[in-house]
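These numbers come from a predicted model, not from an experiment.
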Amino acid sequence: MTSQPPQSVYDFTVKDAKGNDTSLSMFKGKVLLIVNVASKCGMTNSNYTELNQLYNKYKGQGLEILAFPCNQFGEEEPGSNDEIADFVCTNFKSEFPIFDKIGVNGEGSSPLYKFLKSGKWGIFSDDIQWNFAKFLVNKYGQVVDRYYPTTSPLSLEHTIEKLLAD
């Protein structure tokens with residue numbers, strides 16, 4: 001018996017920061033910005049600051065930001081889930097969900113990230129390049145774009161507005 005390959009991000013269940021299963025189907029009808037995050041990266045402050053600005057401005061219109069801590073790049077996310085959540089909440093007052101620490105590349109890559117990376121991304125290779133790579137997902141659970149780690153979250157605002165209006 002073969003199972004159907006995932007058709008959207010809603011087909012995935014991930015662990016939250018407390019280790020509980022969370023079905024991404026709970027975000028149906030929302031625009032998602034999925035980001036692999038790190039606490040000790042040179043891009044941490046700017047990314048979290050801008051992600052918070054986007055979230056605060058658009059959460060009431062249907063934007064959700066899903067943050068997935070990852071320690072695969074320069075070991076810049078060494079803490080436990082509790083330490084990561086405490087850091088993010090204390091330093092940035094982030095209200096968007098922080099999930100369980102995951103792998104985004106290689107054999108240990110999470111199934112969600114395998115799905116996210118499976119799009120036709122032109123100049124991107126399949127692998128995530130560094131912390132704060134971003135995937136924008138429409139209200140139907142389809143990945144519509146992928147952004148480099150150096151892409152400013154605020155630069156996505158126009159695209160997010162278009163997806164929210166869809």
Side-chain angles (χ1 to χ4, degrees), residues 9 12 14 16-17 22 24 26-105 109-110 112-113 115-117 119 121-125 127-166:
V9 297
F12 292 91
V14 296
D16 68 15
T22 303
L24 294 185
M26 71 183 284
F27 297 108
K28 276 187 178 167
K30 296 199 179 264
V31 172
L32 305 177
L33 183 58
I34 300 175
V35 187
N36 61 300
V37 298
S39 300
K40 299 186 182 311
C41 178
M43 296 183 289
T44 298
N45 288 346
S46 61
N47 271 274
Y48 271 117
T49 298
E50 292 187 18
L51 289 170
N52 282 338
Q53 289 171 347
L54 284 176
Y55 190 66
N56 291 332
K57 185 170 181 178
Y58 294 105
K59 66 182 174 186
Q61 298 171 48
L63 174 69
E64 282 293 337
I65 294 172
L66 309 183
F68 288 90
C70 177
N71 196 38
Q72 286 186 296
F73 306 102
E75 297 183 356
E76 293 180 344
E77 191 64 281
S80 68
N81 285 347
D82 286 343
E83 290 168 332
I84 294 163
D86 184 57
F87 171 82
V88 173
C89 293
T90 302
N91 292 301
F92 298 101
K93 310 288 187 255
S94 297
E95 296 177 11
F96 48 82
I98 310 285
F99 290 89
D100 187 27
K101 194 184 318 188
I102 61 164
V104 297
N105 288 335
S109 180
S110 84
L112 172 63
Y113 266 79
F115 175 79
L116 293 172
K117 296 185 299 185
W121 301 117
I123 58 173
F124 291 100
S125 68
D127 279 348
I128 302 297
Q129 298 85 4
W130 199 255
N131 304 306
F132 298 101
K134 299 156 192 79
F135 290 89
L136 198 53
V137 177
N138 67 19
K139 294 178 184 177
Y140 311 101
Q142 302 303 309
V143 181
V144 294
D145 220 335
R146 175 179 175 173
Y147 302 93
Y148 279 114
T150 52
T151 302
S152 156
L154 290 179
S155 73
L156 311 181
E157 192 166 4
H158 181 70
T159 306
I160 289 169
E161 287 175 349
K162 282 176 37 182
L163 291 173
L164 288 169
D166 240 358

S152 side chain to L154 main-chain N or O, any donor-acceptor pair under 3.5 Å? yes
Closest heavy-atom pair, L63 versus Y55, reported as atoms and distance to 0.1 Å, is O-CE1, 3.7 Å
Starting at CH2 of W130, measure out to SG of C70 and round the result to the nearest 0.5 Å. 10.0 Å
Looking at F115 and G141, what are the two nearest heavy atoms and their distance? CE2-O, 4.5 Å
Kindly say whether I102 contributes a backbone atom to a donor-acceptor pair with the side chain of Y113 at under 3.5 angstrom? no
Partners passing ring pair (Phe, Tyr, Trp, His ring centres under 6.0 Å) against Y48 (at least two apart in sequence or in another chain): F92, F132
Nearest-0.5 Å distance, CG of residue N56 to CG of residue L51: 10.5 Å
When rounded to the nearest 0.5 angstrom, what is the spacing between CZ in F68 and NZ in K101? 14.5 Å
Working to the nearest 0.5 Å, report the span between CD1 of I65 and CD1 of I98. 9.5 Å
Would you call L33 and F96 a side-chain contact if the rule is heavy atoms closer than 4.5 Å? no
Taken to the nearest 0.5 Å, the spacing of I128 CD1 from K134 NZ works out to 10.5 Å
Could you tell me whether the side chain of K117 reaches within less than 4.5 Å of the side chain of S109, counting heavy atoms only? yes
At their closest point, which heavy atom of P78 faces which heavy atom of K40, and how far apart are they? CG-CE, 3.7 Å
I'd like to know if the side chain of N47 reaches the main chain of E50, judged simply by a donor and an acceptor atom lying under 3.5 Å from each other, with no hydrogens or angles considered. no
Side chain to side chain contact (heavy atoms under 4.5 Å, CB included) against A38, all qualifying residues, sequence neighbours excluded: C41, E76, E77, N131
Among residues two or more places apart or on two chains, list those pairs meeting salt bridge (Lys or Arg N to Asp or Glu O under 4.0 Å) that have a residue in residues 86-95. K59-E95
Evaluation steps, side chain to side chain contact (heavy atoms under 4.5 Å, CB included), between N91 and N45: CA-CA 9 Å; N91 292 301; N45 288 346; over 6 Å; no
Please check: side-chain N/O of K139 versus main-chain N/O of L164, any donor-acceptor pairing under 3.5 Å? yes
Approximate separation, where rounding is to 0.5 Å, of L24 CG and L66 CG: 6.5 Å
Treating Q72 as the side-chain partner and V104 as the backbone partner, does any N or O pair qualify as donor plus acceptor under 3.5 Å? yes
Can you name the ring pair (Phe, Tyr, Trp, His ring centres under 6.0 Å) partners of Y58, sequence neighbours left out? none
Which residues satisfy the side chain to side chain contact (heavy atoms under 4.5 Å, CB included) test with D100, sequence neighbours excluded? K15, N81
Please report the C-alpha distance between Y147 and T159 in whole Å, then the side-chain angles of each, then the deciding distance to 0.1 Å, and finally whether the side chain to side chain contact (heavy atoms under 4.5 Å, CB included) criterion is met. CA-CA 12 Å; Y147 302 93; T159 306; 4.0 Å; yes
Please list all pairs meeting salt bridge (Lys or Arg N to Asp or Glu O under 4.0 Å) that have one or both residues in residues 157-166, counting only residues at least two apart or in different chains. K57-E157
